[in-house]
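What follows is a set of notes on a single structure, which appears directly below.
These numbers come from the heavy atoms of this one structure, side chains and all, not from hydrogens, waters or symmetry mates. Heads up: numbering here begins at 1 and tracks the sequence.
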Amino acid sequence: MWRSVSLLFFFITQIKSVMAAPTAVLYPDVREPYLSIFEQIRSGVKESSQSQVQGVALGSDTDVPSLIKKLKSDDVSRIVLLGSRGYSIASGLTAQFSLVVGAYPSTPGTFGGVSMMTAPAQVIKKLNLVAPNVKNVYLIVSEQNRWIAELLEQISKTAKFKPHIHVVNNLKESVQTYHKISVQGQLGPEDAIWLPIDTVAMHEKVILPMVLKASWEKKFVLFSSIPTHAKRGALFSFYPDNYELGKQLGNMLHNNDKTIPLLPMSHILLAVNLRTAKHLGITYTSQEKEQFNIILPER
């Protein structure tokens, strides 16, 4: 009996010890409205974690050795790294902590976590909701984001659309490809171009105006993983569900028993431009509109 009580006490002590070890969320030292984004992610991490969660703002001159010393003194063993500043120091922390990265367009083969690159499965789910008549989806990406194109091709095998993938090496190739497809091509209501988050393949100032104009004239669907594009005239765009992203990162960090993978972002919200929809001849029921998180133009 006493042995059983001792074992029970031991396990309770171990559980409390694990739960007590705090997790740190490291994010860029920024002002509003960007600060709220990182705070929402941090709240999600806290919700899914079995420990205390502390926030650490990263300045542009953060000294990594001093940061490690501070985290160790606080008994931190797990960290969530957010944004470009978090990603930039991740390699210097892997030997000291379990970590995941988020809120950055990271690629496989670097660190585990959630990339800002939108999950194609969720993209197609939203596309079927907003523009169900689309049969062809065009995606232009750089080599580093070929993995997203491959995921799109995989899901097309069991879906009703045909993917048209183009991989480019630089902005010049990207502009030429977009021009050939959108301006010179014969696109129509059954065709859609997906604008990804890709610093090589998608330049807002150069490509977006050209493709928007072509979409308006030829009435093909244009949608984007960049949140502001719906407001600028794309039929719809995505933006992260920051709280759910935080919960996912927290779960990945605390429930892993092997190497943590890098996943595309699956927790996305939807902004739909009704003025563009009307121009394209697309209408929605009240029930369908209830599934839109933001309706534009805003009233």
Subject >> Common cluster, V30/Y27, ILVMFWY with side-chain heavy-atom separation under 4.5 Å >> reply: yes
**OP:** Write down the atom of V134, the atom of P189, and the distance for their closest heavy-atom approach.
**Re:** CG2-O, 4.2 Å
Subject >> Verify same cluster id: W194, V183 (apolar side-chain graph, 4.5 Å) >> reply: yes
Original post:
Can V200 be reached from L139 by stepping across I, L, V, M, F, W or Y side chains whose heavy atoms are under 4.5 Å apart?
Top reply: no
**OP:** Check whether more than 12 heavy atoms from other residues, nucleotides or ligands sit under 6.0 Å from atom NZ of K46, and answer yes or no.
**Re:** no
Original post:
Within a reach of under 6.0 Å around NZ of K72, are more than 12 heavy atoms found that belong to other residues, nucleotides or ligands?
Top reply: yes
**OP:** Calculate, to the nearest 0.5 Å, the distance between atoms CG and NZ belonging to L270 and K125 respectively.
**Re:** 11.5 Å
**OP:** Start with the C-alpha gap between D63 and K70, add the side-chain angles, then the distance that decides, and say whether side-chain contact (heavy atoms from CB on, under 4.5 Å) holds.
**Re:** CA-CA 11 Å; D63 180 69; K70 174 65 167 60; over 6 Å; no
Original post:
L212 and G233: which non-hydrogen atoms are nearest, and at how many Å?
Top reply: CD2-C, 3.5 Å
Subject >> Separation between CD1 of I140 and OG of S182, rounded to the nearest 0.5 Å >> reply: 7.5 Å
**OP:** Indicate, with yes or no, if the rings of F111 and Y87 have centres closer together than 6.0 Å.
**Re:** yes
Original post:
Any idea which heavy atoms bring A149 and I165 closest together, and the distance?
Top reply: CB-CG2, 3.5 Å
Original post:
Quick one: does K231's side chain have a donor or acceptor within less than 3.5 Å of a partner on A271's backbone?
Top reply: no
**OP:** Using modelled atom types only, decide if a donor and an acceptor are shared between the side chain of Y284 and the backbone of V130 within a distance under 3.5 Å.
**Re:** yes
Subject >> Donor-acceptor contact present, side-chain N145 to main-chain S142, <3.5 Å >> reply: no
Original post:
Does the side chain of Y178 come within less than 4.5 Å of H166's, by heavy atoms?
Top reply: no
Subject >> Salt-bridge criterion met for K135 and E190 (N-O under 4.0 Å) >> reply: yes
**OP:** Count the heavy atoms of every other residue, nucleotide or ligand shown that sit under 6.0 Å from CD of E32, and state whether that count exceeds 12.
**Re:** yes
Original post:
Are any of the side-chain heavy atoms of L93 and V64 separated by less than 4.5 Å?
Top reply: yes
Original post:
Okay, side chain of S215, backbone of V211: is any donor-acceptor separation there less than 3.5 Å?
Top reply: no
Original post:
Is the distance between the ring centroids of Y138 and F220 under 6.0 Å?
Top reply: no
Subject >> Straight-line distance of E204 CD to I226 CD1, nearest 0.5 Å >> reply: 4.5 Å
Original post:
Does S156 reach the main-chain N or O of K162 with its side chain, forming a donor-acceptor pair under 3.5 Å?
Top reply: no
**OP:** State, with a plain yes or no, whether a side-chain heavy atom of F161 is found less than 4.5 Å away from one of N128.
**Re:** no
**OP:** May I ask you to test the L81-I89 pair for a side-chain heavy-atom distance under 4.5 Å?
**Re:** yes
Original post:
Between V141 and V167, is any pair of side-chain heavy atoms under 4.5 Å apart?
Top reply: yes
Original post:
Once you round to the nearest 0.5 Å, how far does CD1 of I41 lie from CG of L249?
Top reply: 7.0 Å
Original post:
Between H267 and Q122, is any side-chain donor less than 3.5 angstrom from a side-chain acceptor?
Top reply: no
Original post:
Atom OG of S77 and atom CG of L99: how far apart are they, to the nearest 0.5 Å?
Top reply: 11.5 Å
Subject >> Option among S224, S237, S266, S225 that satisfies the side-chain hydrogen bond (donor to acceptor under 3.5 Å, both in side chains) test with T118 >> reply: S225
Original post:
Is the backbone N or O of L235 less than 3.5 Å from a side-chain atom of T276, with the two atoms forming a donor-acceptor pair by type?
Top reply: no
Original post:
Are side-chain heavy atoms of I282 and N133 found at a separation under 4.5 Å?
Top reply: no
Original post:
Counting only N and O atoms by type, is there a donor-acceptor contact under 3.5 Å from the side chain of D74 to the main-chain atoms of V76?
Top reply: no
Subject >> Connected via hydrophobic side-chain network under 4.5 Å: L82 and I260 >> reply: yes
Subject >> Identified side-chain contact (heavy atoms from CB on, under 4.5 Å) partner of F236 from the options L129, N273, V221 >> reply: V221
Original post:
Any side-chain heavy atom of L245 within less than 4.5 Å of one from M116?
Top reply: no
**OP:** Walk me through it: do I197 and M117 pass the test side-chain contact (heavy atoms from CB on, under 4.5 Å)?
**Re:** CA-CA 6 Å; I197 298 174; M117 300 301 294; 4.1 Å; yes
Subject >> Single-linkage hydrophobic cluster V25~Y243, side-chain heavy atoms < 4.5 angstrom >> reply: no
Subject >> Distance (rounded to the nearest 0.5 Å) between M265 CE and I148 CD1 >> reply: 10.5 Å
Subject >> Which atom of P28 lies closest to which atom of R85, heavy atoms considered >> reply: CB-CD, 4.0 Å
Original post:
For the residue pair L263 and W147, what are the closest heavy atoms and their distance?
Top reply: C-CH2, 4.3 Å
Original post:
Would K289 and L274 count as a side-chain contact (heavy atoms from CB on, under 4.5 Å) if you check the C-alpha gap in whole Å, the side-chain angles of each, and the deciding distance to 0.1 Å?
Top reply: CA-CA 10 Å; K289 290 179 182 178; L274 295 187; 4.3 Å; yes
**OP:** Kindly give the heavy-atom pair with the smallest separation between L280 and K219, and that separation in Å.
**Re:** CD2-CA, 3.4 Å
Original post:
Is the H279 ring parallel, tilted or perpendicular to the W216 ring (thresholds 30°, 60°)?
Top reply: parallel
Original post:
Going by heavy atoms in the side chains, are V114 and M252 under 4.5 Å from each other?
Top reply: yes
